[in-house]
**Student:** 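Below you'll find the structure I mean.
Atom set for the values below is all heavy atoms of this structure, side chains included, hydrogens, waters and symmetry mates excluded. In what follows, every chain begins at residue 1, and chains take the letters A, B, ... in the order their sequences are listed.
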Amino acid sequence: MNLPEATNFIEQIINEELQAGKFESRGNQLQVRFPPEPNGYLHIGHVKALCINFAVKEKYGAKLNLRMDDTNPAKEDYEYVDSIIDAVKWLGFEYDKLVFASDYYDKLYEIAEKYIMDGNAYVCDLSADEITATRGTLTQPGVNSPYRERSAEENLKLFREMKAGVYPDGAKVLRAKIDMASPNINMRDPVIYRIAHVPHYRQGDKWCIYPMYDFAHPLSDAIEGVTHSLCSLEFENHRPLYDWMIEKAGFPKPVPRQIEFARLNITNTLMSKRYLKKLVDEGFVHGWDDPRMPTLMGLKNRGVPPAALKKFVSDVGVAKNYSVVELAQLDECIRDELNRTAERAMAVLDPVKLTITNYEGEEELDFEVNPLDGGTKTRKIKFSGSVYIDRDDFALVPPPKYKRLTVGANVRLKAAYIVHCDDVKLNAEGEVEEIFCTYYPQTRSGSAEKCDIKAKGVIHWVDAKYGRQVEFRRYKPLLKDEEYPDQDYAERLNAESESVFCGMCEPYVAEGPDEKPYQLMRTGYYKKCTIGGATVLSEIVTLKDNFNK
RNA sequence: UGGGGUGUCGCCAAGCGGUAAGGCACGGGAUUUUGAUUCCCGCACUCGUAGGUUCAAAUCCUGCCACCCCAGCCA
């Protein structure tokens, strides 16, 4: 498994703690967790957190729970739970337990009552607007709620009534009693329970009060016995609150420790669930798993190998700098993986007929499946002397350093013969309609005989008699462009993000299994799939090209 | 403006007082029956900035500057 090696600063912290004997009381058994909210599909940004946590699991033999942080019933559903599990499994990660924050609701409620009894929480009748208004600003302290000094008994009675459904949504909340003058706004008596008469996808109508993240998250960690709670930078401001919650609940040491790292950003890549959901809901894409989506299911459908994603995270590293990685770095990881694993195949995107005038009959040729495996594996391809080549592999007027076919030149048909171009037929518009060549029989691919016939280059081809018509589909990932905000830009990129064109491929590709990636010589990595009954070759990533060097 | 963070090559990122790793990108060359791959070679006398401490600083100290996060009954 290709795990990130650059978790250094996190490892440094853990190593120091281990050395200090912090976890001896629990046999040095570390524990981490991956806690997505099931309100959307996992996207490529989540791979980083996944890799980091699983790296800790691997490196320290830690336990790792996949925890659904489902404390907001209005947004969550089983569909998302399932998709998250699928994505994690697709990546090849094996967690120890699947848990749900909603399974802790009873326990969390008990802790809330304890807070009340200890004078650490109170029921507040202020409206949401009033709470906002009394919270103060970045520079001004907040003012205490008039309900802040209610007695424990009264708070308990009120809180139980909240739970019993006596009050409508928004009428009351439970707040932590911390410090309305704290320079850290998160500490200004944050709401920890709100009333929401909304059924929960797992709990049904059992509850009408739901815990907030700042309360549920640290306590869920503590309940599970998490030792290291790894999260992204935006939660740094919440850490004092995280520690407060656990301390006031009275959990024994060692208590979970929150460590933050910078989240993954990729240039031009949408990375917010909110916006991705919008694309799905408003029909700009076919679904969360549309191959243009940066979701893991989208990447899977596009044909991106999980190993490439892990390599990417590993290459990018883990630090606290706010960073935006170039998309090229991801593409390179995908190419690197596919180059080693994908079978080579021939297909032409824009076919032009090439006829070999001195060839008769037909034969089978050996084609190397992947030159990187030692060139041992081959498969047979049929050759009938009449082929299609790609339109830009022929030039009427060759540019400087052109290495492909032009009238009067020799070029090798990959895995076949060197041919000499004698003539070309143009149509009324002056476009190339057919190319006529003669071949040199002694140049058959693989023949040991030495011959002094040289070719300018090698081009790929599809046999005219045996090749299959096929559709090529390019799904350009949905790219973010700051110039085009929201919807206008969603429409724009949707219009440009899917291109379809017709070409030819080897029968082997048309008949081979779905989902297997192929490298189409000199163009890119594709995988075959069936859309609406038609065989299509859909692009995963292009090959690097140095045509213009 | 209060608080919390971060500033090392175009983009990531090591570095933790001893004289700037690596990856991506880029440029040059070699090999190549994919203009792919592979392979060499080049790519920060300098670490946001200004001072200070030291024989010695990206690393320690001080000031300044820039950027990010926080005022949801979202997570």
**Student:** Heavy atoms under 4.0 Å, any strand shown: does A:Ile418 hit a base, just sugar-phosphate, or nothing?
**Tutor:** nothing
**Student:** Give a yes/no on whether any side-chain N or O of A:Arg194 is located under 4.0 angstrom from OP1 or OP2 of B:rC74.
**Tutor:** yes
**Student:** Heavy atoms from C-beta onward define the side chain here; which of B:rU33, B:rG3, B:rU6 lies closest to that of A:Asn184?
**Tutor:** B:rG3
**Student:** When rounded to the nearest Å, what value does the distance between P atoms of B:rG4 and B:rG52 take?
**Tutor:** 29 Å
**Student:** What nucleotide, of B:rC12, B:rC69, B:rC74, holds the atom closest to the side chain of A:Val324?
**Tutor:** B:rC12
**Student:** Does A:Lys163 have any salt bridge (charged side-chain N to carboxylate O under 4.0 Å, His left out) partners at least two apart in sequence or in another chain, and if so, which?
**Tutor:** none
**Student:** Quick one: label A:His217 by what it contacts on the DNA or RNA (base, sugar-phosphate, nothing), any heavy atom closer than 4.0 Å.
**Tutor:** nothing
**Student:** Taking the P atom in each of B:rC12 and B:rG48, what is the distance between them to the nearest angstrom?
**Tutor:** 15 Å
**Student:** Any side-chain donor-acceptor pair under 3.5 Å between A:His228 and A:Glu17?
**Tutor:** yes
**Student:** By the rule that syn is within 90° of 0, classify the base conformation of B:rG23 as syn or anti.
**Tutor:** anti
**Student:** For A:Tyr115, what residues pass the ring pair (Phe, Tyr, Trp, His ring centres under 6.0 Å) criterion, not counting sequence neighbours?
**Tutor:** A:Phe215, A:Trp244
**Student:** Going by modelled atom types, is there a donor-acceptor pair between the base of B:rG5 and the side chain of A:Glu260 at under 3.5 Å?
**Tutor:** no
**Student:** Calculate the interatomic distance between A:Asn321 atom CG and B:rU8 atom P; express it in whole Å.
**Tutor:** 6 Å
**Student:** Quick check for you: among B:rA75, B:rU34, B:rG4, whose closest atom lies nearest to any side-chain atom of A:Glu236?
**Tutor:** B:rG4
**Student:** Once you round to the nearest 0.5 Å, how far does SG of A:Cys333 lie from CG of A:Leu338?
**Tutor:** 11.5 Å
**Student:** Once you apply the 3.5 Å cut-off to both distances, tell me the Watson-Crick or G-U wobble partner of B:rC64, or none.
**Tutor:** B:rG48
**Student:** Identify whether the distance between the nearest side-chain nitrogen and carboxylate oxygen of A:Lys382 and A:Asp463 falls below 4.0 Å.
**Tutor:** no
**Student:** Between A:Ser323 and B:rA13, does any side-chain N or O lie under 4.0 Å from OP1 or OP2?
**Tutor:** yes
**Student:** Compute the centroid of each ring, for A:Tyr105 and then for A:His200, and state whether the two points are separated by less than 6.0 Å.
**Tutor:** yes
**Student:** Can a donor-acceptor pair under 3.5 Å be found between the side-chain atoms of A:Gln12 and the base atoms of B:rC16?
**Tutor:** yes
**Student:** Which base sits across from B:rC43 as a Watson-Crick or G-U pair, both distances under 3.5 Å?
**Tutor:** none
**Student:** What is the distance, to the nearest angstrom, from the CG atom on A:Leu219 to the P atom on B:rA75?
**Tutor:** 13 Å
**Student:** So which nucleotide from B:rC74, B:rA71, B:rG10 ends up closest to the side chain of A:Glu326?
**Tutor:** B:rG10
**Student:** Could you give the distance separating B:rC68 and B:rC43 at their C1' atoms, to the nearest angstrom?
**Tutor:** 30 Å
**Student:** In whole Å, I'd like the distance from the CG atom of A:Asn8 to the C1' atom of B:rA21.
**Tutor:** 12 Å
**Student:** Does A:Asn237 contact B:rC69 through a side-chain donor or acceptor facing the base, at a distance under 3.5 Å?
**Tutor:** yes
**Student:** Between the base of B:rG35 and the side chain of A:Arg404, is there a donor and acceptor pair under 3.5 angstrom?
**Tutor:** yes
**Student:** Taking B:rU62 as the reference, what is the distance to B:rU53 when you measure between their P atoms (whole Å, please)?
**Tutor:** 15 Å
**Student:** Find every protein N or O atom lying less than 3.5 Å from an N or O atom of nucleotides 37-40 of chain B, and list the pairs.
**Tutor:**
from: B:rU37; atom 1: O2'; to: A:Asn339; atom 2: ND2; distance (Å): 3.0

**Student:** Taking the side chain as every heavy atom from C-beta outward, state whether A:Trp288 and A:Ser83 have any atom pair closer than 4.5 Å.
**Tutor:** no
**Student:** Which of the following nucleotides, B:rG2, B:rA14, B:rG10, is nearest to the side chain of A:Pro183?
**Tutor:** B:rG2
**Student:** Say you pick atom P in B:rC9 and the same atom in B:rA50; how far apart are they, in whole Å?
**Tutor:** 16 Å
**Student:** Is it the case that over 12 heavy atoms from other parts of the model lie below 6.0 angstrom from the CZ atom of A:Arg263?
**Tutor:** no
**Student:** So for A:Arg522 and B:rU34, does any side-chain atom that can act as donor or acceptor lie under 3.5 Å from a complementary atom in the base?
**Tutor:** no
**Student:** Look at the side chain of A:Glu368 and the base of B:rU33, then say whether one donor and one acceptor between them are separated by less than 3.5 Å.
**Tutor:** no
**Student:** So, is A:Arg135 close to the B:rG72 phosphate, meaning a side-chain N or O under 4.0 Å from OP1 or OP2?
**Tutor:** yes
**Student:** Can you check the distance between B:rA58 and B:rG7, where both ends of the measurement are the C1' atom (answer in whole Å)?
**Tutor:** 12 Å
**Student:** Taking CG from A:Leu138 and P from B:rG2, how many angstroms apart are they, rounded to a whole number?
**Tutor:** 10 Å
**Student:** For A:Arg391, check salt bridge (charged side-chain N to carboxylate O under 4.0 Å, His left out) against everything at least two apart and list the hits.
**Tutor:** A:Asp350
**Student:** Work out how far the P atom of B:rU33 is from that of B:rG15, and round it to whole angstrom.
**Tutor:** 44 Å
**Student:** When you measure from every atom of RNA chain B, which of residues 165-174 of chain A have a heavy atom less than 4.0 Å away?
**Tutor:** A:Gly170, A:Val173
**Student:** With no hydrogens and no angle check, just 3.5 Å: does a side-chain donor-acceptor pair link A:Tyr508 and A:Glu343?
**Tutor:** yes
**Student:** Roughly, in whole Å, what's the span from CZ in A:Phe235 to C1' in B:rG5?
**Tutor:** 15 Å
**Student:** For a quick check, tell me whether the side chain of A:Gln140 and the base of B:rG2 share a donor-acceptor pair closer than 3.5 Å.
**Tutor:** no
**Student:** Atom CG of A:Asn265 and atom P of B:rC24: how far apart are they, to the nearest Å?
**Tutor:** 21 Å
**Student:** For B:rG10, what is the paired nucleotide under Watson-Crick or G-U wobble rules, both distances under 3.5 Å?
**Tutor:** B:rC24
**Student:** Once you apply a heavy-atom cut-off of 4.0 Å, does A:Met212 come out as touching a base, just sugar-phosphate, or nothing?
**Tutor:** sugar-phosphate
**Student:** Please determine whether the number of non-hydrogen atoms from other residues, nucleotides or ligands lying under 6.0 Å from atom CD of A:Gln19 exceeds 12.
**Tutor:** no
**Student:** Look at A:Thr132 and B:rG72 and indicate whether a side-chain polar atom (N or O) is within less than 4.0 Å of OP1 or OP2.
**Tutor:** yes
**Student:** To the nearest 0.5 Å, tell me how far A:Ile389 CD1 sits from A:Ile459 CD1.
**Tutor:** 4.0 Å
**Student:** Grab the NZ-C1' distance between A:Lys454 and B:rU33 for me, whole Å please.
**Tutor:** 13 Å
**Student:** Between A:Phe261 (CZ) and B:rA14 (P), how many Å, whole number?
**Tutor:** 14 Å
**Student:** Where does B:rC45 land, syn or anti, given syn is within 90° of 0?
**Tutor:** syn
**Student:** Between A:Phe235 and A:Tyr242, is the ring centroid distance below 6.0 Å?
**Tutor:** no
**Student:** With a 4.0 Å cutoff (strictly under), does any side-chain N or O of A:Thr71 reach OP1 or OP2 of B:rC74?
**Tutor:** no
**Student:** Using the C1' atom as the reference point in each nucleotide, state the distance between B:rU32 and B:rU37 in Å, no decimals.
**Tutor:** 9 Å
**Student:** Paired with B:rG2 by Watson-Crick or G-U wobble geometry, both distances under 3.5 Å: which nucleotide is it?
**Tutor:** B:rC70
**Student:** What contact category does A:Tyr402 fall into here, base, sugar-phosphate, or nothing, at under 4.0 angstrom with non-hydrogen atoms?
**Tutor:** base
**Student:** What residues, two or more places apart in sequence or in another chain, satisfy side chain to side chain contact (heavy atoms under 4.5 Å, CB included) together with A:Thr523?
**Tutor:** A:Leu349, A:His460, A:Leu520, A:Tyr526
